[in-house]
Amino acid sequence: MTTAETRAGALPALADVPVRDLRVAVLGVGMMGADHVARLHSRVSGAQVVAVSDAFAEKAEQVAAGVPGCRVVGDPLAAIADDDVDAVVIATPGQFHEEQVLACIERGTPVLCEKPLTMDAGSSLAVVRAEDEHTARTGRRLVQVGFMRRFDPEYAELKALVDGGGLGEPLVVHCTHRNASVPPYFTSEMMVNDSVVHEVDVARFLLDEEIAAVTVLRPRATRHAVADQSDPLLVLLETTGGRVVDVECFVSTGVGYEVRTEVVGEDGSAMIGLDAGLVRATAGPAGASRSTGIAPDFRQRFGRAYDIELQRWVDAARRGEVDGPGAWDGYAAQAVCAAGVEALHSGQRTVVRMEAR
Ligand SMILES: NC(=O)c1ccc[n+]([C@@H]2O[C@H](COP(=O)([O-])OP(=O)(O)OC[C@H]3O[C@@H](n4cnc5c(N)ncnc54)[C@H](O)[C@@H]3O)[C@@H](O)[C@H]2O)c1
């Protein structure tokens, strides 16, 4: 019996969810994957990490050792094909995602794939099509993409405000995305593909529209920029409905991780990301002042979002559903970033080339 059949006429929630925990394999246990394993093991209910796989066996052994009952499987495709694995988290580098996600779809296994879905729009579209074909046969979706900001309580509140009409018609979105520093290999192209990609998803999420065109301006670079790179960048996204989103992406501020988003509507505006948790008053040589902390990096700022993302993914997978950004969102982000990189190089407004949904 399919989950959809079980759901018909059944009591909601509890009657819906299989008693057995979701048995999860995590592929790639570097920074993100190891974090996901720790979360699934200690903070998320209804899941058990039963297998990990990593190109570095020692790393996999180390992570598996912290989770009772967790095995190391050398080949990630063998982990996907394992009969004792119900669902998969992919946190390998982006170039391996396509093959691994397609293997999950082929087997009918729910998968949470870290962004990017794949390395380019064409291969992301192929994943969309493969999942569509599976859905046409089974009625089930399988793919969720790791755009975790959608699960951040502040973003969720902003989305509810926009959707509820609390700001009137949204017109403009201002985004700030700053890092204290980045490694020396971090290029301006990576600023678009790895940083601004999150604002691309946020814009699509908040406005419920596709991005139609991208322009990238290169203001005077900071002296702290990685050699020969443009930092900061100012990225303008135009939506299909004529709204404009501006993104200041600045990855060598020397300060901290600052992600702010402000939606300006016909009837008001709302901003998130001020990190205004604890406001501390202190006396100093220049007089008394008030200050708040700034998250050092994305793991602190979005820790709660990752918790909620994983819990909702587990709950949905146990019901046979997907409850988050899907393959289409991964494809759209890739298409917009491809236009963004083109715009970065050409200095021209660049139209996003995307298939109709
Ligand atoms: N959503 C977010 O906020 C966020 C943040 C950072 C990174 N990411 C994404 O998460 C993914 C992983 O990033 P990371 O920073 O953890 O990288 P990382 O380099 O720290 O970890 C990647 C791990 O994968 C392993 N690996 C490499 N090739 C493999 C293969 N073929 N099969 C199995 N394991 C393999 C590596 O040995 C490494 O341990 C990337 O796609 C990245 O873009 C997402």
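Reckoned from all heavy atoms, side chains included, excluding hydrogens, waters and symmetry mates. Both counts, for ligands and for their atoms, begin at 1 and track the order of listing. Residues take their numbers from the sequence shown, with the count starting at 1.
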Task: Ligand-side contact atoms (ligand 1) for residue partner Lys59, heavy atom cut-off under 4.0 Å - done: 38 (C), 39 (O)
Open item on the list: With heavy-atom distances below 4.0 Å as the criterion, list the atoms of ligand 1 near Phe298.
Closed with: 5 (C), 6 (C)
- [ ] May I have all residue pairs that pass ring-ring contact (aromatic ring centres under 6.0 Å, His included) and include part of residues 304-333, sequence neighbours excluded?
- [x] Trp328-Tyr331
Open item on the list: Within ligand 1, which atoms have a heavy atom of His97 less than 4.0 Å away?
Closed with: 41 (O)
- [ ] For Pro76, counting its heavy atoms only, list the atoms of ligand 1 lying under 4.0 Å from any of them.
- [x] 32 (N)
TODO: Write out the residue and atom name of the closest protein heavy atom to atom 8 (N) of ligand 1, then the distance separating them to 0.1 Å.
DONE: Met32 CG, 3.6 Å
- [ ] Among residues two or more places apart or on two chains, list those pairs meeting salt bridge (charged side-chain N to carboxylate O under 4.0 Å, His left out) that have a residue in residues 40-60.
- [x] Arg43-Asp307
Open item on the list: Taking 4.0 angstrom as the limit and counting only heavy atoms of Pro116, give me the atoms of ligand 1 inside it, by number and element.
Closed with: 41 (O), 43 (O)
Open item on the list: Taking Arg204 first and then Asp208, would you say they form a salt bridge - that is, a charged N and a carboxylate O separated by under 4.0 Å?
Closed with: no
Task: Nearest-neighbour protein heavy atom for atom 20 (O) of ligand 1, which is reported as residue plus atom name and distance - done: Met31 N, 2.9 Å
TODO: Can you pull out the closest protein heavy atom to atom 35 (C) of ligand 1? Residue, atom name and distance to 0.1 Å, please.
DONE: Ala55 N, 3.5 Å
TODO: Count the heavy atoms belonging to other residues, nucleotides or ligands that lie under 6.0 Å from CD of Glu106, then report whether that count exceeds 12.
DONE: no
Open item on the list: Please confirm whether Thr92 approaches ligand 1 to less than 4.0 Å, judged on its heavy atoms.
Closed with: yes
Task: Minimum-distance pair of heavy atoms, taken over all atoms of Ser252 and Ala225 - done: OG-CA, 4.0 Å
Open item on the list: As an exercise, identify every atom of ligand 1 less than 4.0 angstrom from a heavy atom of Gly146.
Closed with: 1 (N)
- [ ] Cation-pi check, Lys159 to Phe205: give yes when NZ or CZ is under 6.0 Å from the six-membered ring centre and within 45° of the ring axis, no otherwise.
- [x] yes
TODO: Would you please determine whether Ala34 falls within less than 4.0 Å of ligand 1 on a heavy-atom basis?
DONE: no
TODO: Determine the interplanar angle of the Phe147 and His198 rings, folded into 0 to 90°, and report it as parallel if under 30°, tilted if 30 to 60°, perpendicular if over 60°.
DONE: perpendicular
Task: Atoms in ligand 1 flagged as close to Met148, the criterion being non-hydrogen separation under 4.0 Å - done: 1 (N), 3 (O)
Open item on the list: I need the atoms of ligand 1 closer than 4.0 Å to a non-hydrogen atom of Pro93, numbered in the order shown.
Closed with: 22 (C), 24 (O), 26 (N), 27 (C), 28 (N)
Task: Residue Arg137 excluded, over 12 heavy atoms near CZ under 6.0 Å - done: yes
TODO: Write out the residue and atom name of the closest protein heavy atom to atom 36 (C) of ligand 1, then the distance separating them to 0.1 Å.
DONE: Asp54 OD1, 3.4 Å
Open item on the list: Between ligand 1 and Tyr306, can you find any atom pair, the residue atom being a heavy atom, that is separated by under 4.0 Å?
Closed with: yes
